[in-house]
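Note that the structure is a prediction, hence the values are computed from the model and not measured. A, B, ... follow the sequence lines: proteins, then strands. Residue 1 opens every chain.
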There are 4 protein chains.
Amino acid sequence: MKKSDKRHDILQTALELIAEQGFHGAPMAMIAERSGVAVGTIYRYFENKDVLINELYSELEGKIVEALRKGYSIKKPFRERFLHLGRALLRYFITFPLHFRFVEQYHNSPYGVSLRRDRLIGKVGDHTIFTELFAEGVAQQVLKDFPFIVLFALAFGPLVPLARDHILGFVVLDNSMISKTVEACWDCVKR
Amino acid sequence: MKKSDKRHDILQTALELIAEQGFHGAPMAMIAERSGVAVGTIYRYFENKDVLINELYSELEGKIVEALRKGYSIKKPFRERFLHLGRALLRYFITFPLHFRFVEQYHNSPYGVSLRRDRLIGKVGDHTIFTELFAEGVAQQVLKDFPFIVLFALAFGPLVPLARDHILGFVVLDNSMISKTVEACWDCVKR
Amino acid sequence: MKKSDKRHDILQTALELIAEQGFHGAPMAMIAERSGVAVGTIYRYFENKDVLINELYSELEGKIVEALRKGYSIKKPFRERFLHLGRALLRYFITFPLHFRFVEQYHNSPYGVSLRRDRLIGKVGDHTIFTELFAEGVAQQVLKDFPFIVLFALAFGPLVPLARDHILGFVVLDNSMISKTVEACWDCVKR
Amino acid sequence: MKKSDKRHDILQTALELIAEQGFHGAPMAMIAERSGVAVGTIYRYFENKDVLINELYSELEGKIVEALRKGYSIKKPFRERFLHLGRALLRYFITFPLHFRFVEQYHNSPYGVSLRRDRLIGKVGDHTIFTELFAEGVAQQVLKDFPFIVLFALAFGPLVPLARDHILGFVVLDNSMISKTVEACWDCVKR
DNA sequence: CATGAATGAGCTTTCATTCAT
DNA sequence: CATGAATGAAAGCTCATTCAT
């Protein structure tokens, strides 16, 4: 409980700094200072900066998956489940802009590429929720006949620029707009 | 042919390094070395690193716009024009993966955010080709009634992860697949 | 005794290098090396080179003021006080030639000019000891009726070249000579 | 006539830049540009930057001596001659502030020290005008019995800070003030 | 376990000087 | 004689990481 306090503070500070200033704007000394710990202390919890960042990413990913699962039920109709995931994802992004900004940066860095590579090769467990949904959709001929990875891009590709534009204030995504955009995404993949 | 040589070499090296290693992986010394010039020489062509990167972006953007305009005609039917732009963009990305990777990094950096902001405010000339198309589509009630920025995200949002996955070898986008995915994007925005 | 050690060493090295070689001859790397610390260490004690130099100047100025005040008493006759200050200043200069050379360089640099400007405007605390003395001298009609700044130049202007010539070995200022020259300065300002 | 044109332009530009910005603010490229010549051209007239600066100093020194000699006559009374020199020097300084600022910087740099050293050793010809005057003054027992170098400091030491303060706008030296201050200097050295 | 002073490789940028044209 | 593109050593400064306390 004590130890995880510091660990948590460090991760939180890193998240804020990287999300707001980019990787450049988050030197270890600054993370330490804003976390109220000494620089050396960070290295007790994380072997090095790369590990810190990767663990931060993992935690966020876990939270996102959790948010997606909330209220998700296999019993609901297919379209309903799709819309649920899309709305939940977009809502999560704009509710936790720091998470979104960090994850975006992460994907757009050497870290992200290795991660994706590892995922595809099967080193790291994929989020089965999407795979399952798309597999079912293709099998049931509800979805267009594309490889999963393409379906994923078609279905959720728009959500990233949408969230970004919302966070930057270029557009306002209220609940109604969120629903309508995700429904548009559905038009993209539905057969 | 004379002065352009070195300038071009420097830009090309910067493009390669940044596309492959990110901004961090492209120190001026390395750009110089791989370009076969001295460090100081770079500063004869570019005031500083920021200017170098911005000019590189401008050049690439120019090429992309050019590629989009090629074969684009206002006389063609609306859907045809939309599909043309989508296919041309996706094709450009996977034909020039370095350009794609660089532009992606650029957009995901402070540079990119300022640029987007300036674009929206109207400081910098937008790519009128998209604006015009979407304006017409909304006016003619061919497209769903969304703000331009949302339409843009819906229509071309999927292209970025698609191109990325293709470049990383996670999927193969041949001409047929390109057409089919862009047609799916059309389903997303068409009314 | 702990932290002051390194800080002091750095200041001392900077003093020596700048006094002997000028600002050009004192790169941070050299200051670090001769101080027996790493370059980065200097930046733990001084935000940047400007700050280092300004703090060095402040310290020296403090010592000079201290030397002037030593044995200075308002109760002594006016002329006595004037001679005391002149002799103390000249003695200080030739006793601490490095201090003298540094202060000279400092005054002859952008630093010095800003400082003088700030002093005149009143931003920074002046050496009240001189101002008081001259104010009294003018009020009592002991001194010629000149602006303070002119009186200061007349009274102490000769001390700088004198100290310089002594330090460079062009002349030897023993105690007797010091007294006689300062008395000559007195003839310059006394009514 | 042509060649000396460029040479003159280069020297003039160097004078302006160094006087206004210091040695730091006068890179060869800038001197070249403002002189309307190419960088390489400077090296046709001056072996390197040191030589350029030293020659510039020599030229200015020549002009100063010339200004001092103007109206100077051995036939005039001693005191008259002394006052003439002091006033002429001070007037020259405030009439040609760029010259003054440059000469000051020069003296306060490694250049200046070597020069003084060379002067004393006798390598470089001294300005006999002062030496003669002081020699006569001491011999005739009009001046206090000090070494020449000390007399020089006493007599003209105040002029430097006076000129500086005038140029920086801290005090205004009109003709009347010039005369009065130089007369005060006379009090300093006269027996 | 926690600290934070110390490290030094590495970054961007400047500028006196050279030399092919 | 004149040019100015090219050079590269050297400057100020940053920051991930270590280690004695």
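Atom CD in B/E33 sits roughly 13 Å away from atom P in F/dT7 (whole-Å rounding). Taking atom OH of A/Y45 as the reference point, atom C1' of E/dA2 lies 9 Å away to the nearest angstrom. The nearest whole Å value for the distance from the CD1 atom in D/I10 to the P atom in F/dC1 is 13 Å. Spacing between atom CG of A/D9 and atom P of E/dA2 amounts to 12 Å, rounded to whole angstrom units. Distance, D/L17 CG to E/dC15 P: 12 Å, rounded to whole Å. Residue C/I31 contributes atom CD1, which lies 15 Å from atom P of E/dT7 at whole-angstrom precision.
Judged by distance alone, the side chains of A/Y57 and A/E61 do bring a donor and an acceptor atom under 3.5 Å apart. A/Y111 and A/D50 share a donor-acceptor pair across their side chains, judged by distance under 3.5 Å alone.
A side-chain contact (heavy atoms from CB on, under 4.5 Å) with A/T13 holds for exactly one of A/L11, A/I10, A/L17; it is A/L17.
In the set F/dT7, E/dG4, E/dA2, E/dG4 carries the atom at the smallest distance from any side-chain atom of A/A38.
Taking the six-membered ring where tryptophan is involved, the planes of A/F100 and A/F93 are tilted, since the angle between them lies from 30° to 60°.
With A/S35 contributing its side chain and A/I31 its backbone, the two residues share a donor-acceptor pair below 3.5 Å. When atom types are taken as modelled, the side chain of C/S58 and the backbone of C/N54 share a donor-acceptor pair closer than 3.5 angstrom.
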#### Entry: Paired and unpaired positions of DNA chain F as dot-bracket, Watson-Crick or G-U wobble under 3.5 Å, | denoting a partner strand
.||||||||||||||||||||
### Message
One pair to check against side-chain contact (heavy atoms from CB on, under 4.5 Å): D/I18 and D/Y106. What are the steps and the verdict?
### Response
CA-CA 9 Å; D/I18 295 170; D/Y106 183 90; over 6 Å; no
### Task
Just do the salt bridge (charged side-chain N to carboxylate O under 4.0 Å, His left out) check on D/E20 and D/R101 with the steps written out, would you?
CA-CA 8 Å; D/E20 285 163 6; D/R101 301 270 302 133; over 6 Å; no
### Message
Please determine whether salt bridge (charged side-chain N to carboxylate O under 4.0 Å, His left out) holds for the pair A/R7 and A/E55, giving the CA-CA distance in whole Å, both sets of side-chain angles, and the decisive distance to 0.1 Å.
### Response
CA-CA 11 Å; A/R7 203 189 116 91; A/E55 296 204 7; 2.8 Å; yes
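With the nearest nucleotide of DNA chain E identified for both B/M30 and C/V37, C/V37 has the one nearer the 5' end.
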### Summary
Under a 4.0 Å heavy-atom criterion, the protein footprint on nucleotides 14-21 of chain F, written with B, S and -, is BSSBB---
